[in-house]
**Q** 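Quick one: structure below, then a few questions.
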Amino acid sequence: MTDADSILVLGHGGLLGRAVVQACQGRCWVVEGGRKAYDLSQPASKGFCHRFALSGRPLENTESADKRLLSLTREIAEDEKALETVHQGLDLLRLFICREKPAVVINCAGYTDVDKAETEPELAMAVNARGAATLAEACREAGSHLVHISTDYVFDGKNKNPYREGDETFPKGAYGKSKLKGEKLVAKIMPAALIVRSAWIFGPGRPGFVDNVLTRALKGEPVRVVTDEVGSPTFSRDLAETLVWLAMKRVQGLLHVVNQGQASRYELARQALRLYGLDPDLVRRAQKKDLNTPAERPGYSVLDTRRLQRITGRTMPSWLDALGRYIALLKEDAA
Ligand SMILES: NC(=O)C1=CN([C@@H]2O[C@H](COP(=O)(O)OP(=O)(O)OC[C@H]3O[C@@H](n4cnc5c(N)ncnc54)[C@H](OP(=O)(O)O)[C@@H]3O)[C@@H](O)[C@H]2O)C=CC1
Ligand SMILES: Cc1cn([C@H]2C[C@H](O)[C@@H](COP(=O)(O)OP(=O)(O)O[C@H]3O[C@@H](C)C(=O)[C@@H](O)[C@H]3O)O2)c(=O)[nH]c1=O
């Protein structure tokens with residue numbers, strides 16, 4: 001690994017993070033403790049990086065990032081004042097970034113429980129907004145390029161056509177509000193950062209919408225699914241590959257990255273069952289008002305990807321093609 005392409009992936013235990021690690025093909029670093037090693041919800045102390053940032057050392061392939069974090073802890077343990085704050089976790093992450101100066105940090109860590117965020121909006125805000133801001137500060141100080149992930153839920157869903165990057169945002173729920181605040185803070189602190197909005201991610205790892213629907217259908221149970229939410233289903237692996245490409249090119253600004261096409265949740269569920277070889281009619285039509293979920297989601301949040309196409313010169317595969325590849329993986333694992 002050369003310094004020019006060293007990538008630190010945060011949130012590597014999550015749905016997207018694990019796909020990004022895979023897409024990096026051994027070129028990245030992860031902090032193995034994950035949330036235990038750095039908690040984005042914790043406040044960070046001011047000026048910490050400045051006090052402790054040492055001259056940059058080259059990244060050493062053989063050492064895992066958490067070992068390096070441990071040795072940093074020991075080093076700063078001699079400073080009592082530092083010790084008081086270092087347990088907050090986030091300071092240590094900042095220090096790690098300031099010292100190791102990864103070429104790129106891809107932030108896949110975030111608070112993602114859309115319904116629960118309605119009852120703990122402060123925590124969602126702490127992680128998705130303040131935590132992201134602290135990370136941006138560290139990247140700015142270290143000279144690392146930052147790729148930060150945001151969401152289609154920053155929109156209210158009133159559009160009739162796919163949302164472009166510059167369209168007005170108006171999140172409906174606490175999760176979307178926290179993500180929008182994160183976008184704004186990151187862009188202000190580090191205008192050269194890349195903020196990628198994606199949507200409706202499915203893939204191996206944490207069970208999401210597609211997996212939950214399949215689990216029910218595999219038991220032969222009918223599943224009620226909403227027809228009045230239309231969006232851009234996206235395979236974590238396709239997204240991750242594009243993220244790594246964009247990171248290597250140091251693309252900046254705000255960018256929508258999703259698989260091509262659009263679908264309702266209902267259509268997505270039916271196609272998942274069909275591709276799995278199950279009866280799509282197990283999926284029954286429902287409406288948002290029938291489900292009455294704690295969080296209100298946008299009714300229409302399809303993302304326009306023309307800017308992405310211009311930058312990469314490529315088109316993302318369609319969501320149906322992507323879903324087919326994911327279901328093939330699931331079937332392979334089940335066999
Ligand atoms: N899933 C989706 O459909 C979409 C997601 N996004 C965004 O993409 C990013 C990744 O999402 P996804 O992979 O689905 O999320 P997951 O919930 O699968 O993973 C989130 C990751 O963040 C970590 N994390 C959570 N809280 C904290 C914290 N306080 N401090 C440090 N780390 C924390 C988790 O750690 P642990 O493993 O310990 O839980 C996990 O590794 C998020 O920013 C999300 O908002 C955007 C659009 C769509
Ligand atoms: C599981 C299920 C959900 N639904 C509905 C509920 C809800 O309105 C919608 C989506 O539900 P979920 O809770 O599975 O998905 P949700 O957590 O809302 O997914 C979102 O996650 C965050 C992180 C994002 O950033 C978004 O892009 C989006 O992917 O589908 C059904 O109608 N039937 C079902 O069986």
Side-chain angles (χ1 to χ4, degrees), residues 9-21 30-31 33-42 89-90 93 106-117 123-124 126-128 130-132 134-135 147-155 171-173 175-176 178-180 182-183 195-217 221-236 239-240 243 256-258 264-266 268-269 272 282-299 301 303:
V9 181
L10 300 180
H12 72 282
L15 183 57
L16 178 59
R18 73 180 58 209
V20 171
V21 169
V30 296
V31 180
R35 193 195 305 213
K36 285 192 210 104
Y38 58 90
D39 187 345
L40 287 176
S41 71
Q42 297 299 308
L90 203 47
L93 178 70
I106 304 185
N107 181 24
C108 302
Y111 181 108
T112 58
D113 193 326
V114 176
D115 283 326
K116 213 165 160 202
L123 180 59
V127 178
N128 291 340
R130 197 180 58 205
T134 305
L135 188 61
V147 179
H148 176 71
I149 318 300
S150 192
T151 176
D152 56 328
Y153 282 16
V154 295
F155 294 114
K172 295 200 139 183
Y175 164 74
S178 70
K179 293 297 293 182
L180 180 61
E183 281 187 9
I195 299 171
V196 166
R197 288 194 192 124
S198 194
W200 292 27
I201 302 173
F202 58 82
R206 175 178 66 82
F209 172 84
V210 168
D211 314 271
N212 292 336
V213 167
L214 281 172
T215 305
R216 300 264 298 281
E221 293 172 14
V223 199
R224 293 169 75 217
V225 179
V226 293
T227 53
D228 51 355
E229 274 175 38
V230 176
S232 306
T234 300
F235 190 15
S236 57
L239 171 59
L243 287 176
H256 290 172
V257 182
V258 288
S264 66
R265 290 279 183 190
Y266 172 78
L268 175 60
L282 279 172
V283 180
R284 308 281 159 79
R285 288 171 187 275
Q287 294 222 304
K288 284 204 282 185
K289 63 174 168 36
D290 307 326
L291 260 72
N292 202 16
T293 53
E296 197 184 342
R297 281 124 171 121
S301 59
L303 300 182

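Both ligands and their constituent atoms are indexed starting at 1 by order of listing. Please read these numbers as outputs of a predicted model, since none were measured by experiment.
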**Q** Between atom CD1 of I149 and atom OG1 of T112, what is the distance when rounded to the nearest 0.5 Å?
**A** 13.0 Å

**Q** Considering only heavy atoms, does V114 approach ligand 2 within less than 4.0 Å through its side chain, its backbone, both, or neither?
**A**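 Side chain only.
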
**Q** Under the side-chain contact (heavy atoms from CB on, under 4.5 Å) test against S232, which residue among I201, L303, D152 passes?
**A**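 Among the candidates, only L303 passes.
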
**Q** Using distance alone, decide if ligand 2 has a nitrogen or oxygen within less than 3.5 Å of any nitrogen or oxygen in V226.
**A** yes

**Q** Does Y153 come within less than 4.0 angstrom of ligand 1, counting non-hydrogen atoms of the residue?
**A**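 No.
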
**Q** Using a heavy-atom cut-off of under 4.0 Å, does the side chain or the backbone of L291 touch ligand 2, or both, or neither?
**A**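 It is the side chain that gets close, since no backbone atom is under 4.0 Å.
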
**Q** Tell me which part of F209 gets within contact of ligand 1: side chain, backbone, both or neither, using heavy atoms under 4.0 Å.
**A** neither

**Q** So, using ring pair (Phe, Tyr, Trp, His ring centres under 6.0 Å) as the criterion, who are the partners of Y153 when residues are at least two apart?
**A** none

**Q** Could you find the nearest protein heavy atom to atom 9 (C) of ligand 2 and give me its residue, atom name and distance?
**A** E229 OE1, 3.3 Å

**Q** Determine whether the side chain, the backbone, both or neither of A126 has a heavy atom under 4.0 Å from any heavy atom of ligand 1.
**A**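 No part of A126 is near ligand 1 at this cut-off.
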
**Q** Going by the atom numbers of ligand 1, which of them fall below 4.0 Å from some non-hydrogen atom of V127?
**A**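 Taking each heavy atom of V127 in turn, ligand 1 has 29 (N) under 4.0 Å.
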
**Q** Going by the closest heavy atom to atom 22 (O) of ligand 1, which one wins out of G182, G14, G110, A132?
**A** G110

**Q** Are there more than 12 heavy atoms of other residues, nucleotides or ligands under 6.0 Å from atom NZ of K172?
**A** yes

**Q** Considering the heavy atoms of A199, write down every atom of ligand 1 situated less than 4.0 Å from one of them.
**A** 47 (C), 48 (C)

**Q** Determine whether the side chain, the backbone, both or neither of R197 has a heavy atom under 4.0 Å from any heavy atom of ligand 1.
**A** neither

**Q** Which part of Y111 is near ligand 1, with near meaning a heavy atom under 4.0 Å away: side chain, backbone, both or neither?
**A** neither

**Q** Can you check whether S198 has an N/O within less than 3.5 Å of an N/O in ligand 2?
**A** no

**Q** Is there any N or O on T293 that sits under 3.5 Å from an N or O of ligand 2?
**A**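 No, since none of the N or O atoms of T293 sits under 3.5 Å from an N or O of ligand 2.
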
**Q** Could you identify the single nearest non-hydrogen protein atom to atom 34 (C) of ligand 2 and state the distance to 0.1 Å?
**A**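 That would be R224 O, 3.7 Å.
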
**Q** Would you call the rings of H256 and F155 parallel, tilted or perpendicular, where under 30° means parallel and over 60° means perpendicular?
**A**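 Ring orientation of H256 relative to F155: perpendicular.
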
**Q** Can you tell me how far apart CG (L93) and OG1 (T134) are? Round to the nearest 0.5 Å.
**A** 9.5 Å

**Q** Taking 4.0 angstrom as the limit and counting only heavy atoms of K179, give me the atoms of ligand 1 inside it, by number and element.
**A**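 Result: 42 (C), 43 (O), 44 (C), 45 (O).
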
**Q** How far is atom 27 (O) of ligand 2 from its nearest protein heavy atom, and which residue and atom name does that atom have?
**A**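 Its nearest protein heavy-atom neighbour is D152 OD1, 2.6 Å.
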
**Q** Has K288 got any heavy atom lying under 4.0 angstrom from an atom of ligand 2?
**A** no

**Q** Nearest protein heavy-atom contact for atom 20 (C) of ligand 2: which residue, which atom, what distance?
**A** Y153 OH, 3.5 Å

**Q** Which ligand 1 atoms does S150 reach within 4.0 Å, using its non-hydrogen atoms?
**A** 46 (C), 47 (C)

**Q** Just let me know how V225 lines up against ligand 2, side chain, backbone, both or neither, with a heavy-atom cut-off below 4.0 Å.
**A** both

**Q** Which protein non-hydrogen atom lies closest to atom 12 (P) of ligand 2, naming both residue and atom, and how far is it?
**A** R297 NH2, 4.2 Å

**Q** Is there a side chain to side chain contact (heavy atoms under 4.5 Å, CB included) between W200 and V258 once you walk through the steps?
**A** CA-CA 9 Å; W200 292 27; V258 288; over 6 Å; no

**Q** Regarding atom 3 (C) of ligand 2: of the candidates F202, Y266, F209, which has the closest heavy atom?
**A**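 The option holding the nearest heavy atom is F209.
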
**Q** Going from CZ on R297 to OH on Y175, what distance comes out if it is rounded to the nearest 0.5 angstrom?
**A**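 Spacing of CZ (R297) from OH (Y175) equals 10.5 Å.
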
**Q** Among all protein heavy atoms in this structure, tell me which lies nearest to atom 15 (O) of ligand 2, with the distance rounded to 0.1 Å.
**A**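 Scanning the protein heavy atoms, the shortest distance from atom 15 (O) of ligand 2 goes to R265 NH2, 3.8 Å.
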
**Q** Considering only non-hydrogen protein atoms, determine which one is nearest to atom 23 (C) of ligand 2 and report residue, atom name and distance to 0.1 Å.
**A**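 The closest one turns out to be Y175 OH, 3.3 Å.
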
**Q** Does N107 reach the main-chain N or O of L10 with its side chain, forming a donor-acceptor pair under 3.5 Å?
**A** no

**Q** Please state which part of K179 comes within less than 4.0 Å of ligand 2, counting heavy atoms only: side chain, backbone, both or neither.
**A**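 Neither part.
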
**Q** Is it true that A286 lies under 4.0 Å from ligand 2, counting heavy atoms only?
**A**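 So A286 does not count as touching ligand 2.
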
**Q** Determine whether the side chain, the backbone, both or neither of S236 has a heavy atom under 4.0 Å from any heavy atom of ligand 1.
**A**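 Neither part.
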
**Q** Looking at NZ of K179 and CD1 of I195, how far apart are the two atoms once the value is rounded to the nearest 0.5 Å?
**A**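 One gets 10.0 Å once the value is rounded to the nearest 0.5 Å.
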
**Q** Would you mind writing out the side-chain donor-acceptor pairs for residues 222-229 within the sub-3.5 Å range, not counting sequence neighbours?
**A**
unit_1, atom_1, unit_2, atom_2, d
T227, OG1, A286, O, 3.4
D228, OD1, K288, N, 3.0
D228, OD2, K288, N, 3.2

**Q** Heavy-atom contacts with D39 under 4.0 Å: which atoms of ligand 1 show up? List them by number with element.
**A**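 Taking each heavy atom of D39 in turn, ligand 1 has 28 (C), 29 (N), 30 (N) under 4.0 Å.
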
**Q** So is D152 polar-close to ligand 1, meaning N/O to N/O under 3.5 Å?
**A** no

**Q** Taking non-hydrogen atoms only, is L16 closer than 4.0 angstrom to ligand 1 via side chain, backbone, both or neither?
**A** both

**Q** For ligand 1, which atoms have a heavy atom of S198 less than 4.0 angstrom away?
**A**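 Every atom of ligand 1 under 4.0 Å from some heavy atom of S198: 47 (C).
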
**Q** What is the nearest protein non-hydrogen atom to atom 35 (O) of ligand 2, stated with its residue, atom name and distance?
**A** V223 CG1, 3.4 Å

**Q** In ligand 1, which numbered atoms sit nearer than 4.0 Å to a non-hydrogen atom of I149?
**A**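 Ligand 1 atoms under the 4.0 Å threshold to I149: 7 (C), 8 (O), 43 (O).
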
**Q** Pairs of nitrogen or oxygen atoms closer than 3.5 Å, one from T151 and one from ligand 1: do any exist?
**A**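 N/O-N/O distance below 3.5 Å does not exist for this pair.
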
**Q** Distance from F209 atom CZ to L214 atom CG, nearest 0.5 Å?
**A** 9.5 Å

**Q** Numbering the atoms of ligand 1 from 1, which are under 4.0 Å from a heavy atom of I201?
**A**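 Every atom of ligand 1 under 4.0 Å from some heavy atom of I201: 1 (N), 2 (C), 3 (O), 4 (C), 5 (C), 48 (C).
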
